[in-house]
Amino acid sequence: MSAERWNWLFAPARADLGFAVRTACAAILSLLIAMWMELGSPQWAPLTVWTVATASRGESFSKARWRLAGTVVGCGVGVALIAAFPQEAGLFFLCLALWTGVCCGLATAFDGYRSYGFLVASFTAAIVATDGIASPGDAFFIAMARGTYIALGILCEAVLAMLFSPGMRERARGALLTRLRGVSAMVRQKLENWHVAEPGPATESALLADIMTASARIEFDVLEMGPAAGRVADHARAAVADLLAGLARVRAGAPWASVLRRLDGGERHIEAIAAPRRGDRFRFRSRSVRQATQGLRNGARVAAGVLAASVIWYVTAWPSGIGFIAYVVLVYGLLATREVPVLASAAFARGAVWCAVVAAVYVLLIVPMVTAPEMLAFCLLVPMVVGGLAARTPRLANHAFSFNMFLPVLIGPSNAGRYDESAFLNGTMAFLAAVFFAGAMFRLVLPFRPDEHLRRTIGWAERRLPGLATGRSVPSARAWLMTNAESMVRAVRTGRGVREELLFAYFAAHMAVMVQGLCVIEIREAMAGGALPVPVARRLAAFLRVWTRNPARAAALVPALLRRAEMRAPAGEDLAAALRAIMLHDRSGAGGVSGR
């Protein structure tokens with residue numbers, strides 16, 4: 001094994017080391033406070049710290065608030081389940097499985113950490129409800145304790161992060177501007193070259209990924225800015241949309257002057273961030289699209305897994321079966337919305353094994369010699385810092401995810417004493433069994449198929465085209481571009497295992513559909529603007545109606561439209577380019593790839 005593979009541990013970057021030390025100290029601080037408060041399960045506080053900790057303060061803010069919201073909802077549902085079915089195990093676990101499946105299905109339909117809030121609601125309800133099985137009368141107090149652990153972990157992580165991140169608000173605006181200006185300059189340079197020579201799908205995919213990566217960071221930078229952000233998020237997303245419009249116009253064969261207008265529009269939005277105006281009321285809204293099929297499959301897979309785990313406990317009467325079910329729901333909640341759950345679960349399982357090994361060393365050898373919580377905290381610092389460094393290493397991120405979260409849970413520090421060996425082995429067996437069980441269910445029950453996902457993605461885009469051409473309401477060009485660009489980038493990321501030529505064939509077909517949709521929207525906007533003569537607007541409307549039914553027949557109408565004086569005028573150059581692009585990227589080519 002090459003020495004470079006261990007640089008993350010023996011020669012870490014300064015930022016990585018800072019993150020690891022900061023988060024480890026926050027986790028240990030939360031553990032000490034929970035033990036000082038004599039809470040029953042103090043190990044859940046450091047778990048929360050590792051859950052919400054990210055390299056970006058904006059990400060941590062977003063994740064923490066949605067985790068808190070999900071915890072409140074999950075605690076309420078957990079208490080309700082215990083109250084409704086105190087003596088009905090079958091109905092209890094059926095409703096728990098349905099709740100978990102619904103939450104994971106809904107999480108698929110949301111972006112960022114909004115989806116995480118649904119996942120937290122699912123496994124918090126499971127933890128509260130399963131903990132309350134032994135003593136249903138204490139379910140409310142269990143829920144309150146669970147909420148206390150969450151709030152304590154979030155608070156400790158936030159305080160340590162603020163101490164380690166002075167001047168965060170000032171740096172956030174500068175970081176956002178640097179990122180947007182860098183992406184804008186890169187896009188302009190590449191499009192100048194592409195205007196002369198058309199690139200391949202791999203090059204287009206890489207550029208699109210860079211643009212959407214910058215877009216994904218906007219929410220977190222704005223959170224770091226706080227109330228002073230104003231309309232920064234709207235201008236930043238509009239700038240990204242203008243960059244996408246420039247890319248699509250080059251793909252459509254539009255005049256370079258038309259492309260420059262879009263790129264210059266993006267520059268103006270970036271400058272509006274650098275020098276905000278008082279009374280700025282600019283708005284920009286966009287949404288990501290998740291196919292309903294993907295959400296239904298995700299929810300059904302999770303519900304089936306929870307039911308299967310419940311049946312295993314019910315049939316075997318395993319003493320640790322309740323903990324096994326809670327761990328299954330927790331693992332599903334952590335991995336269900338990953339883009340490729342099977343791959344994530346494999347790395348997660350390896351991290352879980354390492355977690356169990358290290359926890360065994362601590363429980364059997366180190367904890368018996370510890371006589372004070374402070375000494376325990378000092379002993380835990382080393383594995384937590386190592387886990388934090390691993391979390392900042394991309395190839396080890398999923399390993400560290402399970403290791404960091406569950407190490408304090410398996411060690412189980414307590415004021416009243418410590419785990420005995422049999423209790424530790426039973427708890428660890430339930431944890432590992434849940435991890436491997438969930439991984440097996442990801443592979444066996446409605447497994448994720450990259451090729452099917454590609455077909456669904458492009459099929460969704462193709463089905464939208466007729467509505468763009470003839471529907472009453474038309475989305476803005478920016479919203480259409482943002483939605484399709486994010487879908488394409490996600491499809492390429494999840495396309496592991498698909499042959500490269502087939503993957504990029506799907507990408508090229510989806511890009512063609514996106515360009516067609518943009519051109520249709522521009523034609524509809526020109527028709528609605530009132531600047532076109534009535535006869536021309538009527539001919540364009542007739543062209544769009546024919547095109548939705550028979551593209552080959554619609555092609556015969558294009559030459560007559562292009563001969564109109566309004567199309568040959570400078571103002572009509574964009575309209576003429578849109579007509580040519582619609583016919584150039586005929587839908588029959590995309591449909592052949594998608595199998596429709």
Side-chain angles (χ1 to χ4, degrees), residues 26-53 63-86 92 96 99-100 103 116-117 119-159 320 322-331 333-334 373 376-377 380 404-419 423-424 426-427 430-431 434:
I28 291 172
L29 177 63
S30 69
L31 176 62
L32 291 176
I33 294 176
M35 295 181 73
W36 174 74
M37 295 173 65
E38 298 187 358
L39 296 177
S41 301
Q43 65 269 22
W44 290 105
L47 181 146
T48 299
V49 171
W50 283 109
T51 302
V52 302
K63 198 171 186 179
R65 68 179 182 179
W66 289 108
R67 180 174 179 84
L68 197 57
T71 298
V72 172
V73 174
C75 286
V77 172
V79 173
L81 287 174
I82 286 291
F85 309 108
F92 173 85
L96 178 62
W99 168 254
T100 306
C103 287
Y116 180 67
L119 301 178
V120 172
S122 70
F123 60 70
T124 301
I127 292 172
V128 171
T130 54
D131 282 352
I133 288 177
S135 54
D138 294 332
F140 175 77
F141 300 104
I142 293 172
M144 293 299 295
R146 176 68 179 165
T148 303
Y149 304 140
I150 299 297
L152 177 59
I154 290 173
L155 179 62
C156 289
E157 197 277 336
V159 169
S320 299
I322 294 297
F324 168 71
I325 296 170
Y327 279 129
V328 166
V329 178
L330 186 54
V331 173
L334 295 173
L376 175 62
L380 287 174
N404 292 331
M405 285 185 59
F406 292 103
L407 180 63
V409 175
L410 295 186
I411 294 175
S414 171
N415 287 315
R418 66 175 181 86
Y419 275 168
F424 167 74
N426 285 330
F431 166 64

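In this structure, the side chains of Cys75 and Thr124 come closer than 4.5 Å at one or more pairs of heavy atoms. Within the 4.5 Å cutoff, no side-chain heavy atoms of Ile411 are placed close to those of Phe424. Using a 4.5 Å cut-off on side-chain heavy atoms (C-beta onward), Val409 and Tyr327 make contact. Considering only heavy atoms from C-beta on, Met405 comes within 4.5 Å of Leu334 through its side chain. Put simply, the side chain of Val120 does not reach to within 4.5 Å of the side chain of Trp66, judged on heavy atoms. Side-chain atoms of Ile33 and Cys156, non-hydrogen and from C-beta on, do get closer than 4.5 Å to each other. For the pair Thr51/Lys63, a side-chain contact is recorded, criterion being any heavy-atom separation below 4.5 Å from C-beta on. The shortest distance between side-chain heavy atoms of Leu31 and Pro413 falls below 4.5 Å.
Listed here is the closest heavy atom pair of Pro42 and Pro46: O-CD, 3.1 Å. Listed here is the closest heavy atom pair of Glu157 and Ala53: OE2-CA, 3.8 Å. Ala129 and Ile82 get closest at one heavy-atom pair: O-CD1, 3.2 Å. Of all non-hydrogen atoms in Trp99 and Ser122, the two that sit nearest each other are NE1-CA, 3.6 Å. For Leu96 against Ala126, the heavy-atom pair with the smallest separation is CD1-CA, 3.8 Å.
For the salt bridge (Lys or Arg N to Asp or Glu O under 4.0 Å) condition, no pair includes a residue of residues 39-49, sequence neighbours left out.
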Pairs under 3.5 angstrom only: tabulate donor-acceptor contacts from the side chains of residues 131-152 to other protein residues two or more places apart or in another chain.
unit_1 : atom_1 : unit_2 : atom_2 : d
Thr148 : OG1    : Met144 : O      : 2.8
Tyr149 : OH     : Gly40  : N      : 3.4
Tyr149 : OH     : Ser41  : N      : 2.8

Yes or no on side chain to side chain contact (heavy atoms under 4.5 Å, CB included) for Phe406 and Leu330, after CA distance, side-chain angles and deciding distance?
CA-CA 11 Å; Phe406 292 103; Leu330 186 54; 3.4 Å; yes
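Exactly one of Val49, Ile154, Thr48 qualifies for a side chain to side chain contact (heavy atoms under 4.5 Å, CB included) with Ser30. That residue is Val49.
Checking side-chain atoms of Trp44 against main-chain N and O of Gly153 turns up no donor-acceptor pair under 3.5 Å.
A distance of 6.0 Å separates OG1 in Thr71 from CG in Leu68, rounded to the nearest 0.5 Å. The CD atom of Gln43 sits 9.5 Å away from atom CG of Leu410, with the distance rounded to the nearest 0.5 Å.
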